[in-house]
Each structure stands twice: as C-alpha cells, then as structure tokens.
Student: 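What follows is a single structure, and I will ask about it in a moment.
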Amino acid sequence: MKTFTEKVLDIVRGIPKGKTLTYAEVALQAGNPGAVRAVGSIMKKNYDPTVPCHRVIRANGTVGEYNRGGSEAKARLLRFEREN
DNA sequence: TAGTTGACCGGAA
DNA sequence: ATTCCGGCCAACT
C-alpha cells in the first residue's frame, strides 16, 4: 500500500503523451475522489521531472497553475503534445 | 498536537 | 456571465 502522494505521482507519471487528466480524475484513480486539493498540494511540493504534472488540468478544462514556467508554458506544452 | 495553506470543485448570489 | 463561499484532504510550520 503506497501513500496517497506516491500513488498520485505514479498516476501522473503514467499519463500518455497528448493526454490530459483533471485533478479530480487523478484523485479518483489515487483512491480519494475528494482529495483534489491534496493533489494540488502534492504536485506543488513535488518537483520530480519524471512526473509530467503539466498534463494535469482543472476539472472545468482550464490549465490551472504550474511551478515550472507558469500556466502559459503549461498550456503551450499541452497544445504541442496534443497536436503531435 | 494543532492551526494554516493550497497547482481545486461545485453550488449559490 | 462573473464573483463569493464552504468543503474537502494531505503537507507544512
């Protein structure tokens, strides 16, 4: 049984290129459907480059925030990956 | 141990 | 359509 954090990181790590998951979806797959805030906290503190956190967006479709270049870089990365 | 914070969400005004 | 409020869970101090 891994910790919630580990699970979240693992899930995000498994997001295929060109695909985007919402924080709610990640929390759901991690086993805590209502822990979307916790997911955000975890992502913020975790700087692991093996975790494509830029593929995690809000439930309403907006990109949300990003610790590595801001929401702009995040949105542009997503668009690039999606077009490819 | 307890209180505060946050890359959120959904409903209400 | 936009703005405000409460709730939810893990990490941080």
Student: For Arg79(A), does the CZ atom have more than 12 heavy-atom neighbours from other residues, nucleotides or ligands under 6.0 Å away?
Tutor: no
Student: Identify which nucleotide among dA11(C), dG6(B), dA7(B) has an atom closest to any side-chain atom of Glu65(A), counting heavy atoms from C-beta outward.
Tutor: dA7(B)
Student: Report which part of the nucleic acid Ser71(A) touches: base, sugar-phosphate, or nothing (heavy-atom distance under 4.0 Å, all strands).
Tutor: nothing
Student: Tell me: CZ of Arg58(A) to P of dC8(C), nearest whole Å?
Tutor: 19 Å
Student: Would you mind reading off the distance between Lys2(A) atom NZ and dA10(C) atom C1', rounded to a whole angstrom?
Tutor: 17 Å
Student: Taking CZ from Phe4(A) and C1' from dC8(B), how many angstroms apart are they, rounded to a whole number?
Tutor: 12 Å
Student: Can you name the closest pair of heavy atoms from Ala38(A) and Phe4(A) and give their distance?
Tutor: CB-CE2, 4.0 Å
Student: Considering non-hydrogen atoms only, spot the tightest contact between Thr62(A) and Ile57(A) and give its length.
Tutor: O-CB, 3.4 Å
Student: Quick one: Asn32(A) CG to dC9(B) P, roughly how many Å, whole number?
Tutor: 16 Å
Student: Starting at CG of Leu21(A) and ending at C1' of dA7(B), how long is that distance when rounded to a whole Å?
Tutor: 15 Å
Student: Using whole Å, report how far CG of Leu28(A) lies from P of dC9(C).
Tutor: 14 Å
Student: Do the side chain of Lys74(A) and the main chain of Glu65(A) share a donor and acceptor less than 3.5 angstrom apart?
Tutor: yes
Student: Would you classify Lys44(A) as touching base, sugar-phosphate or nothing, given that sugar-phosphate means primed atoms plus P, OP1 and OP2, and contacts are heavy atoms under 4.0 Å?
Tutor: base
Student: Can you identify which nucleotide, out of dC8(B), dA7(B), dA10(C), has its nearest atom closest to the Asn67(A) side chain?
Tutor: dA7(B)
Student: So which nucleotide from dA7(B), dA10(C), dG10(B) ends up closest to the side chain of Ile42(A)?
Tutor: dA10(C)
Student: Is Ala38(A) touching bases, backbone alone, or none of the nucleic acid, heavy atoms closer than 4.0 Å?
Tutor: base
Student: Grab the NZ-P distance between Lys45(A) and dC9(C) for me, whole Å please.
Tutor: 17 Å
Student: Just checking Tyr23(A): base, sugar-phosphate only, or nothing, at a heavy-atom cut-off of under 4.0 Å?
Tutor: base
Student: Out of the candidates Arg76(A), Lys17(A), Lys19(A), Arg55(A), only one should pair with Glu81(A) under the side-chain hydrogen bond (donor to acceptor under 3.5 Å, both in side chains) rule; please name it.
Tutor: Arg55(A)
Student: Could you check how far OH of Tyr47(A) sits from C1' of dC12(C), rounded to whole Å?
Tutor: 13 Å
Student: Whether the side chain of Arg37(A) and the base of dC8(B) hold a donor-acceptor pair under 3.5 Å is what I'd like checked.
Tutor: yes
Student: Taking for each residue the nucleotide of DNA chain B bearing the nearest heavy atom, is the 5' side occupied by Ser41(A) or by Asn60(A)?
Tutor: Ser41(A)
Student: With the side chain of Tyr66(A) defined as its heavy atoms from C-beta on, choose the nearest nucleotide among dC9(B), dC9(C), dA7(B).
Tutor: dA7(B)
